[in-house]
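Please read the structure below before turning to the comments.
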Amino acid sequence: MRQVYALVDCNNFYASCERVFDPRLENKPVVVLSNNDGCVIARSNEAKALGVPMGAPFHEFKRLADHDKIAVFSSNYALYGDMSARVMQVLTQFTPAIELYSIDEAFLDLSGFTGRDLTALARDLARAVRKQTGIPVSVGLGSTKVLAKVANRIAKRNPETGGVLDLDALGRHGDAHLAQIDVKDVWGIGRRWSERLHQFGIHTALDLRAADPHLIRRRFNVVVERIVHELRGTSCLPLEQAPPPKKQIMTTRSFGERVTEAEVMREAVSSFAARTAVKLRDQRLRTGALMVFIQTSPFNPTEPSYQNSAVRTLPHASRDTGEIIRAATSALQEIWRPGYRYMKAGVMLLDLSPEDIVQQELFSTPVVRDAAVSLGPNPGPGRQSLLDVLDRLNQRMGRGTLQYAAEGEGEGRAWRMRQEHKSPAYTTRWNDLPVARAGEA
DNA sequence: TCTGGGGTCCTAGGACCC
DNA sequence: TCTGGGGTCCTAGGACCC
């Protein structure tokens, strides 16, 4: 049986999401900015054609936006996450053998479909996604995941493919394409490794495929060796249908304005801690330890710089926002130094375990507490349902509806992110539902 | 002035154990 | 005078991904 993988990749995903809800943006340059409106993280084809590079600081292109040459959006992850779920839902209609690889990409194992015209199947798939979600996708087919990635890239760059390409169907012809692909654009090869590969005379995907795997193993490592095998059609990277449980969960932010006061920093860190706790409960996990870090700007050499981090181990694995905030602020207290202008902070939850397994302390003294406020390993029903109510309410009414006092109040706090160009949460908030009027669009 | 956030995997080296 | 070797666990750092 021929092994066939498909990589389905949404075209310019964030920009396409914005477009779905505002058809006036069709054929116009659109860019989406990173958190804090810092730099460009997504571009429509028209924006690419205007020469806006990926990762470019936004201020360099602000003039174009001011003159209405480009439509600009702050990132709206509630919208993108929801649109992603809809796209993936369409894909699972075709096969359950699917790996949700990222917010805008999925691998499919199409091996069971041999005998059928796979290119035609891929076109059906792309059409279905477009029709049901409004999002355009490209599909690459190959006998390994790395080859499917390569095929997808070729499909995207060659309009005559119509966004769908089966590398195996190209035969020898495929080599010509591989020779066009810089080795740094092969999935898994970044800037550093491509520089080293160049030193060995390996410049293209075709060169890498021709390299001796043993030699690559010795000069580099197993990761690069596996890529060579994958390029040769030997599958080393299996489809991961069930995602492995998370090993860490973090919330980190650059501040809208520099933070100089301890009280403000405590509020920000509390807020990040609360956010990680919500993510933790979404994943049905508990945390046994957390790390807090704070840092000044690494970009400004004239200012005194400082960065530090501290870890706290919790007495027992917890999923409780209050406990996580307390541990985080305690860690912060240890590393806080006045006199600096802080640019960024973060909270990382480490040592995660499944929600339903609770490691008892070896020498814990039994303490009788009011069941409603117990913070022990088996918090009373009152505490559990408080957390559930908190999560459900915030899910229904929007993030931040109910929160801990320590997080500080108001969107107005200067440390909060700048998001001056944010679109509404069209699909996840009742109040933001798009309205269709006769005569528009 | 401005330059994101959230993850994973692999390796090397030290501590520690028998 | 001689002073092993193998194994595990943990951490830090470097690389990669979207």
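Throughout, a chain's letter reflects where its sequence line sits, starting with A, and its residues are numbered from 1. FYI, side chains are in, hydrogens and waters are out, and symmetry mates aren't considered; it's all heavy atoms of this structure.
- In this structure, A:K69 places its NZ atom where only 12 or fewer heavy-atom neighbours from other residues, nucleotides or ligands lie under 6.0 Å away.
- Comparing A:E240 and A:M54, the nucleotide of DNA chain B nearest to each residue sits closer to the 5' end for A:M54.
- In this structure, the CD1 atom of A:I103 is 19 Å from the P atom of C:dC17, given to the nearest Å.
- When the side-chain nitrogen and oxygen atoms of A:R226 are compared with OP1 and OP2 of B:dC9, none of them lie within a distance under 4.0 Å.
- Nucleotide C:dT11 forms a pair with B:dA12, judged by Watson-Crick or G-U wobble geometry with both contacts under 3.5 Å.
- In terms of phosphate contacts, A:K247 brings a side-chain nitrogen or oxygen within less than 4.0 Å of OP1 or OP2 of B:dC9.
- The existence of a salt bridge linking A:K62 and A:D66 is confirmed by a sub-4.0 Å separation between a basic side-chain nitrogen and an acidic carboxylate oxygen.
- Neither OP1 nor OP2 of B:dT11 sits under 4.0 Å from any side-chain N or O of A:R217.
- No more than 12 heavy atoms of other residues, nucleotides or ligands lie within 6.0 Å of CZ in A:R266, so this atom counts as exposed by the packing criterion.
- A:S75 comes within 4.0 angstrom of no nucleic acid atom, judged by non-hydrogen atoms across all strands.
- Atom CZ in A:F293 sits about 12 Å away from atom P in B:dG7, given to the nearest Å.
- Residue A:K62 is out of contact with every strand shown, counting any heavy-atom pair closer than 4.0 Å.
- Between A:Y101 and A:F107, the distance separating the two ring centers is shorter than 6.0 angstrom.
- In this entry the distance linking CZ of A:R191 with P of C:dC16 reads 8 Å, nearest Å.
- Following rounding to the nearest Å, A:E303 (CD) and B:dT3 (P) show an atom-to-atom distance of 12 Å.
- Proximity of A:K279 to the phosphate of B:dG6: a side-chain N or O atom is located under 4.0 Å from OP1 or OP2.
- Between A:S34 and the phosphate of B:dT3, there is no side-chain N or O to OP1/OP2 separation shorter than 4.0 Å.
- Considering only side-chain N and O atoms, A:S254 lies under 4.0 angstrom from the phosphate OP1 or OP2 of B:dG5.
- Candidate nucleotides B:dC10, B:dT3, C:dC18 were compared by shortest atom distance to the side chain of A:V222, and B:dC10 ranks first.
- A:D37 comes within contact range of no nucleotide atom at all, as no heavy-atom separation falls under 4.0 Å.
- Dashed line: the shortest gap from a side-chain N or O of A:K344 to OP1 or OP2 of B:dG5 is under 4.0 Å.
- Closest to the A:R418 side chain, of the nucleotides B:dG4, B:dC2, B:dG6, is B:dC2.
- Summarising the geometry, the separation between CD1 on A:I189 and C1' on C:dC16 is reported as 9 Å, rounded to the nearest angstrom.
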*Walk me through it: do A:E407 and A:S270 pass the test side-chain hydrogen bond (donor to acceptor under 3.5 Å, both in side chains)?*
CA-CA 5 Å; A:E407 299 176 56; A:S270 298; over 6 Å; no
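- Nucleic acid contact for A:E60: none, since no nucleic acid atom lies under 4.0 Å from a heavy atom of the residue.
- Among the atoms of the strands shown, none is found under 4.0 Å from any heavy atom of A:F58.
- For A:R196, no side-chain nitrogen or oxygen approaches OP1 or OP2 of C:dA15 to under 4.0 Å.
- A:I335 and A:V292 make their closest contact through CD1-O, 3.6 Å (heavy atoms, listed as atom of the first residue, atom of the second, distance).
- In this pair, A:W193 does not lay its aromatic ring on the base of C:dC16; centres under 5.5 Å and planes under 30 degrees do not both hold.
- Two residues, A:R258 and A:V223, neighbour DNA chain B, and the one matched to the more 5' nucleotide by heavy-atom proximity is A:R258.
- In this structure, A:E99 atom CD and B:dT8 atom P are separated by 14 Å, rounded to whole Å.
- Atoms CG (A:L349) and C1' (B:dG7) sit 13 Å apart, rounded to a whole Å.
- Dashed line: the shortest gap from a side-chain N or O of A:K149 to OP1 or OP2 of C:dC18 is under 4.0 Å.
- Summarising the geometry, the separation between CD1 on A:I249 and P on B:dG7 is reported as 6 Å, rounded to the nearest angstrom.
- A:N36 comes within 4.0 angstrom of nothing in the nucleic acid, heavy atoms only.
- Using C1' as the reference atom, C:dG4 and B:dC16 are 16 Å apart when rounded to the nearest Å.
- Side-chain proximity of A:Y77 to the nucleotides B:dC10, C:dC18, B:dG4 is greatest for B:dG4.
- A 4.5 Å side-chain heavy-atom check between A:K48 and A:N12 finds at least one atom pair inside the cut-off.
- With distances taken from any side-chain atom of A:K246 to the nucleotides B:dT3, B:dT8, B:dT11, the minimum falls on B:dT8.
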